[in-house]
Amino acid sequence: MPIVVQKYGGSSVADAEKLGKVARRVKQKRDAGYQVVVVVSAMGDTTDDLLSLAKSVSQDPPRRELDMLLTCGERISMALLSMALQEQGVPAISFTGSQSGIITNDAHAQARIVEVRPYRIQDELAHGKVVIVAGYQGVSYKKEVTTLGRGGSDTTAVALAAALDAEACEIYSDVDGVFSADPRVVPDARKLESLSYDEMQELASAGAKVLNAQAVEWAKARGITILARTAHGQGTGTSVQELAVPTDSRVKGVTADAEMAVLVAHASVPLQELLEFLDARAVRGRTLAHDGLPGAPGRTFLAVPLADIHGPEALQRELATRFGAGVDWQDGWGTVTCVGVGLNADWVPLRKALSAAEALSARVHAVSTSPLQVTLLVDKAHLKTLTARLHRELLGS
Ligand code: ADP
Ligand code: ASP
Ligand code: MG
């Protein structure tokens with residue numbers, strides 16, 4: 001029997017009624033002749049609530065303990081979904097990430113999956129059960145419980161689909177797939193029928209939460225097609241897969257990222273020392289630009305995603321102790337990014353982006369381009385209006 005992996009996000013399992021709906025959807029798939037593995041996220045805002053609870057106890061929570069706490073969220077939803085399925089007469093069993101054989105490195109709060117040993121899942125599927133897996137979590141070789149970073153349940157789903165040689169990997173959320181912009185910000189955004197792995201990875205790392213960037217990286221490496229769909233209706237969704245590279249240049253989507261800080265390091269701070277400092281604290285960067293021309297004052301711009309930092313105030317204090325005024329922590333800036341193909345074939349996309357910013361009197365602090373993206377760094381206050389305007393100008397309304 002073919003295997004399908006379905007992942008349901010937090011909003012799709014937010015309460016008992018929604019869990020019941022998910023159970024009915026899973027039952028339909030099983031009745032259609034599939035072996036079903038279901039990956040669940042924590043219910044509604046549970047992860048955010050647990051994080052606030054941790055912050056009320058400690059400004060810079062020890063990451064090991066944070067992982068012990070945050071993994072409880074997915075445990076709740078996996079157990080409840082298993083109960084809901086059994087209530088509907090479907091044999092089911094729930095597993096934690098560790099029981100599912102999700103082996104990660106030991107980078108607490110932002111671990112990467114290194115191996116999947118899905119033996120218990122395969123055994124239970126062979127016994128005719130639906131297997132529910134707690135997303136977002138794994139276990140290290142030292143048997144420590146880890147989490148995969150915010151949005152990490154998508155990665156669990158893709159990694160399991162690869163390990164189980166599943167026929168499909170379906171990611172269900174509250175939108176019918178990937179749109180040309182966040183439909184909450186740009187109501188005219190259009191649903192995209194298909195996207196290449198590279199385009200999706202750019203969108204995800206530039207702030208489009210609908211799929212997780214690490215999940216897309218896994219899917220690309222293992223050749224897994226992801227189908228992003230709505231949990232609430234019958235939409236056709238978006239498929240993310242390997243696509244032939246188009247010959248013309250085109251913009252596919254516009255996205256913004258507010259969950260970041262920019263470190264601006266002045267000439268007095270040697271780049272090597274700064275990077276060593278960040279690596280020692282597992283602080284990752286989204287983009288880095290360094291101007292080190294001989295004789296010129298070398299400056300470094302580093303965009304740091306904040307979602308998995310969990311103690312930004314403590315990091316800021318440590319930076320100040322180590323580098324004094326040599327490093328500015330700028331958390332008032334965010335990015336707007338156009339994603340597509342061949343975007344540096346000419347300067348038209350960048351020129352349009354700059355004019356849109358000018359029309360809104362949004363000061364552009366920095367610019368970066370590659371064949372796949374054009375990004376402007378602006379004040380966070382302008383992110384939504386600039387995204388909407390750029391969408392209108394580059395993709396029509
Ligand atoms: P889940 O909890 O199911 O994992 P997420 O909240 O992580 O769902 O992702 C879905 C959300 O992503 C949508 O509600 C939407 O607001 C947001 N989003 C951001 N950019 C896009 C985009 N380009 N297309 C679709 N949704 C987007
Ligand atoms: N519950 C986790 C989060 O909120 C993981 C996930 O939803 O994918 O980030
Ligand atoms: Mg998500």
Side-chain angles (χ1 to χ4, degrees), residues 6-14 18 22 39-52 66-67 69-78 97 102 109-111 133-138 146-159 170-193 195 199-216 226 228-232 235 237-238 240 251-259 305 307-308 310 336-340 383-384 387-388 390-391 395:
Q6 299 191 326
K7 176 255 165 174
Y8 292 90
S11 55
S12 317
V13 294
K18 289 187 173 150
V22 167
V39 175
V40 284
S41 292
M43 295 169 77
D45 295 329
T46 304
T47 308
D48 286 329
D49 295 345
L50 291 172
L51 266 168
S52 312
L66 198 58
D67 278 353
L69 179 72
L70 296 182
T71 47
C72 298
E74 271 71 11
R75 248 183 200 246
I76 295 173
S77 38
M78 75 177 198
I102 310 278
Q110 46 184 346
V133 176
Y136 173 58
Q137 54 181 271
T146 54
T147 60
L148 307 178
R150 297 304 306 268
S153 298
D154 296 348
T155 314
T156 307
V158 174
E170 303 172 345
I171 307 240
Y172 289 90
S173 70
D174 57 354
V175 281
D176 182 28
V178 184
F179 284 65
S180 52
D182 185 341
R184 290 178 206 275
V185 176
V186 182
D188 290 335
R190 287 186 294 272
K191 199 199 71 178
L192 304 167
E193 291 305 319
L195 265 140
E199 290 165 335
M200 190 62 234
Q201 237 176 316
E202 289 289 336
L203 272 178
S205 40
K209 285 216 174 98
V210 59
L211 286 176
N212 174 283
Q214 203 195 135
V216 183
I226 299 176
R229 310 180 68 175
T230 170
H232 309 306
T238 301
V240 179
V251 176
K252 276 283 193 68
V254 182
T255 190
D257 190 359
E259 264 187 281
D308 298 318
H310 302 308
V336 175
T337 301
C338 312
V339 171
L383 291 184
K384 286 189 177 159
T387 303
L390 258 177
H391 186 271
L395 290 141

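One-based numbering, in listed order, for ligands and for the atoms of each. The analysis underlying the following values was restricted to heavy atoms, covering all of them including side chains, and did not include hydrogens, waters or symmetry mates. Nothing fancy with the numbering, it's 1 onward along the sequence.
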Visitor: Considering only heavy atoms of R184, which atoms of ligand 1 have at least one such atom less than 4.0 Å away?
Guide: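 Selected atoms, number and element: 14 (O), 15 (C), 16 (O).
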Visitor: Do the non-hydrogen side-chain atoms of E74 and S153 ever get within less than 4.5 Å of each other?
Guide: yes
Visitor: Does a salt bridge link K384 with D182, judged by any charged N lying under 4.0 Å from a carboxylate O?
Guide: no
Visitor: When you compare the side chains of T146 and D67, does any donor N or O come within less than 3.5 Å of an acceptor on the partner?
Guide: no
Visitor: Around atom 21 (C) of ligand 1, find the nearest protein heavy atom and jot down its residue, atom name and distance.
Guide: D182 CA, 3.6 Å
Visitor: Can you check whether S41's main-chain N or O pairs, donor with acceptor, with S77's side chain at less than 3.5 Å?
Guide: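 Judged by distance alone, yes, a pair lies under 3.5 Å.
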Visitor: Can you tell me if G10 has a non-hydrogen atom under 4.0 Å from ligand 2?
Guide: no
Visitor: Can you report which non-hydrogen protein atom sits closest to atom 25 (C) of ligand 1, along with the distance?
Guide: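 I find the closest protein heavy atom is G177 O, 3.4 Å.
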Visitor: Does any N or O atom in S12 lie less than 3.5 angstrom from one in ligand 1, N or O only?
Guide: no
Visitor: To the nearest 0.5 Å, what is the distance between CG on L192 and CE on M200?
Guide: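 Between L192 CG and M200 CE, I get 9.5 Å after rounding to 0.5 Å.
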Visitor: When you compare ligand 2 with Y136, is there at least one nitrogen or oxygen pair between them that comes in under 3.5 angstrom?
Guide: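 Such a contact does not occur with ligand 2.
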Visitor: Could you check atom 27 (C) of ligand 1 against the protein and tell me its nearest heavy-atom contact, residue, atom and distance included?
Guide: V210 CB, 3.7 Å
Visitor: What verdict does the side-chain contact (heavy atoms from CB on, under 4.5 Å) test give for C338 and L390, after you've listed the backbone C-alpha separation in whole Å, the side-chain angles of each residue and the deciding distance to 0.1 Å?
Guide: CA-CA 8 Å; C338 312; L390 258 177; 4.0 Å; yes
Visitor: Any donor-acceptor pair under 3.5 Å linking the side chain of R190 with the backbone of A181?
Guide: no
Visitor: Checking the N or O distance criterion of under 3.5 Å, is ligand 2 in contact with D154?
Guide: no
Visitor: List the steps, then state whether side-chain contact (heavy atoms from CB on, under 4.5 Å) holds for V210 with V175.
Guide: CA-CA 8 Å; V210 59; V175 281; 3.9 Å; yes
Visitor: Could you tell me the residue and atom name of the protein heavy atom closest to atom 23 (N) of ligand 1, and the distance to it rounded to 0.1 Å?
Guide: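 Minimum-distance protein heavy atom for atom 23 (N) of ligand 1 reads F179 O, 3.0 Å.
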Visitor: Considering only heavy atoms, does P183 approach ligand 1 within less than 4.0 Å through its side chain, its backbone, both, or neither?
Guide: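 For P183, the contact with ligand 1 is made by the side chain alone.
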Visitor: I need the K191 NZ to S180 OG distance, nearest 0.5 Å.
Guide: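 One gets 12.0 Å once the value is rounded to the nearest 0.5 Å.
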Visitor: Short question: side chain of S12, backbone of Y8 - any donor-acceptor pair under 3.5 Å?
Guide: no
Visitor: Using a strict 4.0 Å cut-off to heavy atoms of V178, name the atoms of ligand 1 that fall inside it.
Guide: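 So the answer, numbered in order with elements, is 24 (N).
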Visitor: Heavy-atom distances under 4.0 Å are what count here, so tell me which part of V175 touches ligand 1: side chain, backbone, both or neither.
Guide: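 The answer is the side chain of V175.
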Visitor: Just distances here: any N/O of S173 and N/O of ligand 1 closer than 3.5 Å?
Guide: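 No, there is no polar N/O contact under 3.5 Å.
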Visitor: Looking only at protein heavy atoms, identify the closest one to atom 7 (O) of ligand 1 and say how far it is in Å.
Guide: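 Going by distance alone, atom 7 (O) of ligand 1 is nearest to K209 O, 3.4 Å.
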Visitor: Does S180 come within less than 4.0 Å of ligand 1, judged by its heavy atoms?
Guide: no
Visitor: Just need the protein heavy atom nearest to atom 1 (P) of ligand 1, so name the residue and atom and give the distance.
Guide: G9 CA, 3.7 Å
Visitor: Are G151 and ligand 2 in contact, using a heavy-atom cut-off of under 4.0 Å?
Guide: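 It does; at least one heavy atom falls under 4.0 Å.
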Visitor: Among all protein heavy atoms in this structure, tell me which lies nearest to atom 7 (O) of ligand 2, with the distance rounded to 0.1 Å.
Guide: S41 OG, 3.1 Å
Visitor: Quick one: pull up CD1 in I171 and OG1 in T238 and give me the separation to the nearest 0.5 Å.
Guide: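 Spacing of CD1 (I171) from OG1 (T238) equals 12.0 Å.
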Visitor: Step by step, work out the salt bridge (charged side-chain N to carboxylate O under 4.0 Å, His left out) result for D154 and K7.
Guide: CA-CA 7 Å; D154 296 348; K7 176 255 165 174; 2.7 Å; yes
Visitor: Where does K7 meet ligand 1, judged by heavy-atom distances below 4.0 Å: at the side chain, the backbone, both, or neither?
Guide: side chain
Visitor: Is there a polar contact, in the sense of an N or O pair closer than 3.5 Å, between S153 and ligand 2?
Guide: yes
Visitor: Could an N or O of ligand 1 be found under 3.5 Å from any N or O of T255, whether backbone or side chain?
Guide: no
Visitor: Between T46 (side chain only) and G73 (backbone N and O only), is there a donor and an acceptor less than 3.5 Å apart?
Guide: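 Such a contact is absent between T46 side chain and G73 backbone.
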Visitor: Would G253 count as a contact residue for ligand 1, given that I'm defining contact as a non-hydrogen atom of the residue lying under 4.0 Å from a ligand atom?
Guide: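 G253: no contact with ligand 1 (<4.0 Å).
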Visitor: Heavy-atom distance under 4.5 Å between the side chains of V254 and V336, does that happen here?
Guide: yes
Visitor: Strictly below 4.0 Å, N to O, side chains only: are K209 and D257 in salt-bridge contact?
Guide: no
Visitor: What residue and atom, counting heavy atoms only, is the protein's closest point to atom 10 (C) of ligand 1, and at what distance?
Guide: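 Of the protein heavy atoms, D174 OD1, 3.6 Å lies nearest.
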Visitor: In ligand 2, which numbered atoms sit nearer than 4.0 Å to a non-hydrogen atom of R150?
Guide: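 Within the 4.0 Å cut-off of R150, ligand 2 contributes 3 (C), 4 (O), 9 (O).
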Visitor: So if I count the atoms of ligand 1 from 1 in the order they appear, which ones are less than 4.0 Å from some heavy atom of G10?
Guide: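 Per the distance check, 2 (O).
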